[in-house]
Amino acid sequence: INAEYGIRAGSFDVARDLLRELHAEAPRDHIVLYHLACAESLLRHKDEAFRYVELALKHGFTNHDELLTNPDLHNVRTLPHFAPMVQQYKSALHVLELMRQTSTGVDVRSRTWMLRTFKDCFVGREAVDWLLRNALAESRESAVSLGRELAQRGLIRHVTGDHDFEDSNLFYRFSTPADAADRRRPARVVGSEEVSCTPPDHDDDDDQIVLK
């Protein structure tokens with residue numbers, strides 16, 4: 001609130017410093033990132049403003065019209081790569097919305113691997129099939145590229161954070177606001193398959209051990 005007041009009062013550098021403090025405490029808060037972008041743009045720091053806009057989009061900011069019309073962002077909008085970047089996120093969100101449709105989207109359900117059940121996930125290879133079937137990709141290679149773009153933008157993630165999007169039997173989830181921390185886990189090899197390992201301190205309450 002104080003930072004936004006600073007922007008309105010014309011104290012852009014003060015607002016920027018306050019927002020940086022908030023950003024240090026909550027590095028994935030898309031609202032803080034958005035206001036940081038505004039402050040940097042008003043200070044004519046175009047590259048920094050662009051970086052914060054992209055981070056805000058990656059972490060859940062979806063008001064694309066605001067990005068294209070807010071006068072605080074006028075300076076950063078003069079960058080030739082600004083509008084294409086925002087459009088790419090809009091396109092990615094459209095694909096994501098189609099994938100998440102309950103009846104027509106990808107098959108999301110609980111799946112078991114190595115005695116561990118992962119809830120609410122889909123299979124990478126099945127997602128590639130779905131993208132091709134719905135004419136959202138022209139080849140399996142382009143479908144993988146699209147899946148990796150969604151992952152890079154923070155919209156989907158491997159269930160334990162070990163892998164990029166692959167045309168394989170690996171499990172993925174749609175990201176949620178609760179996905180605030182990176183979950184990077186080591187992998188181990190069992191036979192010819194690379195298996196995601198989850199150490200004892202894994203904090204995802206949705207995953208369960210299945211004893212048979």
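Every heavy atom of this structure was used, including side-chain atoms; hydrogens, water molecules and symmetry mates were not. All values derive from a computational prediction rather than experimental measurement.
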Q: I'd like to know if the side chain of Arg77 reaches the main chain of Leu67, judged simply by a donor and an acceptor atom lying under 3.5 Å from each other, with no hydrogens or angles considered.
A: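 Pair found, side chain donor or acceptor close to backbone of Leu67.
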Q: Looking at His158 versus His163, is the centre-to-centre ring distance below 6.0 Å?
A: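 That pair passes the under 6.0 Å test.
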Q: Between Glu48 and Arg51, is the closest basic N to carboxylate O distance under 4.0 Å?
A: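 Counted as a salt bridge, because a side-chain N and a carboxylate O are separated by less than 4.0 Å.
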Q: So does Gly154 get a backbone contact from the side chain of Ser175, meaning a donor-acceptor N/O pair under 3.5 Å?
A: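 Yes; judged by distance alone, with no hydrogens or angles, the pair exists.
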Q: Determine whether a donor-acceptor pair (N or O, by modelled atom type, separation under 3.5 Å) exists between the side chain of Ser41 and the backbone of Asp72.
A: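 Side chain of Ser41 to backbone of Asp72: a pair is present.
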Q: Any chance you could measure Leu57, atom CG, to His30, atom NE2, to the nearest 0.5 Å?
A: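 Rounded to the nearest 0.5 Å, the CG-NE2 separation comes to 10.0 Å.
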Q: Salt bridge check: are Glu149 and Arg153 linked by an N-O gap of less than 4.0 Å?
A: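 Yes, this pair counts.
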Q: Let me check something: do Leu146 and Met85 share a hydrophobic cluster, defined by ILVMFWY side-chain heavy atoms less than 4.5 Å apart, either directly or through other members?
A: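 Shared cluster, no.
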Q: Using only atom types and a distance under 3.5 Å, with no angle test, would you say the side chain of Thr112 pairs donor to acceptor with the backbone of Leu115?
A: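 Not confirmed, Thr112 side chain does not pair with Leu115 backbone.
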Q: Would you confirm whether Thr104, through its side chain, and Gln101, through its main-chain N or O, come within 3.5 Å as a donor-acceptor pair?
A: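 It does not hold such a pair.
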Q: How long is the span from the CG atom in Asp17 to the CG atom in Leu22, to the nearest 0.5 Å?
A: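 Asp17 CG to Leu22 CG: 11.5 Å, rounded to 0.5 Å.
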Q: Checking side chain to side chain contact (heavy atoms under 4.5 Å, CB included) against Glu40, which of Phe50, Tyr52, Phe12 comes through?
A: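 So the option named by the test is Tyr52.
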Q: Please check: side-chain N/O of Asn134 versus main-chain N/O of Trp130, any donor-acceptor pairing under 3.5 Å?
A: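 Yes, the answer is positive, given that a donor and an acceptor are paired below the 3.5 Å cut-off.
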Q: In this structure, are over 12 heavy atoms from other groups packed under 6.0 Å from Gln88 atom CD?
A: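 More than 12 heavy atoms, drawn from other residues, nucleotides or ligands, come within 6.0 Å of this atom.
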Q: Mind checking whether Leu98 and Val128 sit in one hydrophobic cluster, side chains of I, L, V, M, F, W, Y counted as touching below 4.5 Å?
A: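 Yes, it is one cluster - the side chains of Leu98 and Val128 are joined through contacts under 4.5 Å.
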Q: Do the ring planes of Phe61 and Tyr34 sit parallel (below 30°), tilted (30 to 60°) or perpendicular (above 60°)?
A: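 Parallel: the ring planes of Phe61 and Tyr34 meet at under 30°.
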Q: Kindly work out whether a path of hydrophobic side-chain contacts (I/L/V/M/F/W/Y, heavy atoms less than 4.5 Å apart) joins Val53 to Leu155.
A: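 Different clusters.
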Q: With side chains defined as the heavy atoms from C-beta onward, is the minimum distance between Thr62 and Leu93 less than 4.5 Å?
A: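 In contact.
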Q: Please evaluate residues Val95 and Leu131 with respect to the criterion side chain to side chain contact (heavy atoms under 4.5 Å, CB included), reporting the C-alpha separation (whole Å), side-chain torsions for both, the decisive distance (0.1 Å), and the verdict.
A: CA-CA 9 Å; Val95 172; Leu131 290 167; 4.1 Å; yes
Q: Within this structure, what is the CG-CG distance for the pair Leu55 and Asp29, rounded to the nearest 0.5 Å?
A: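 Those atoms lie 12.0 Å apart.
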Q: Any non-hydrogen side-chain atom of Lys58 less than 4.5 Å from a side-chain atom of Arg28?
A: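 No, their side chains stay 4.5 Å or more apart.
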Q: If we ignore angles and hydrogens, is there a donor and acceptor under 3.5 Å between the side chains of Ser139 and Ser142?
A: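 The criterion, which ignores hydrogens and geometry beyond distance, is satisfied for Ser142 and Ser139.
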Q: Taking the side chain as every heavy atom from C-beta outward, state whether His23 and Leu33 have any atom pair closer than 4.5 Å.
A: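 His23 vs Leu33: side chains touch.
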Q: What about Phe122 and Phe171, are their ring centers closer than 6.0 Å?
A: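 They do not qualify: ring centres at least 6.0 Å apart.
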Q: Is atom NE2 of His64 surrounded by more than 12 heavy atoms (other residues, nucleotides or ligands) closer than 6.0 Å?
A: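 Check passes, neighbour count above 12.
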Q: With a 4.0 Å cut-off on N to O distance, would you call Glu126 and Arg111 a salt bridge?
A: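 A salt bridge is present here (some side-chain N lies under 4.0 Å from a carboxylate O).
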Q: Mind checking whether Val106 and Tyr172 have side chains closer than 4.5 Å, heavy atoms only?
A: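 Side chain of Val106 against side chain of Tyr172, heavy atoms only: no contact under 4.5 Å found.
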Q: Starting from Tyr89, can I reach Leu79 by hopping between I/L/V/M/F/W/Y residues whose side chains sit under 4.5 Å apart?
A: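 In one cluster with Leu79: Tyr89, yes.
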Q: Does some side-chain heavy atom of Met99 sit less than 4.5 Å from a side-chain heavy atom of Phe174?
A: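 Of all side-chain heavy-atom pairs linking Met99 with Phe174, at least one is under 4.5 Å.
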Q: Any chance you could measure Leu36, atom CG, to Leu19, atom CG, to the nearest 0.5 Å?
A: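 Here the interatomic distance stands at 4.5 Å.
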Q: Are the side chain of Arg157 and the backbone of Arg173 linked by a donor-acceptor contact shorter than 3.5 Å?
A: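 A pair under 3.5 Å: no.
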Q: Would you say Leu150 and Phe165 make side-chain contact, with heavy atoms under 4.5 Å?
A: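 Leu150 does not reach Phe165 side chain to side chain.
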Q: Around atom CZ of Arg140, are there more than 12 heavy atoms from other residues, nucleotides or ligands closer than 6.0 Å?
A: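 Buried by this count: over 12 neighbours within 6.0 Å.
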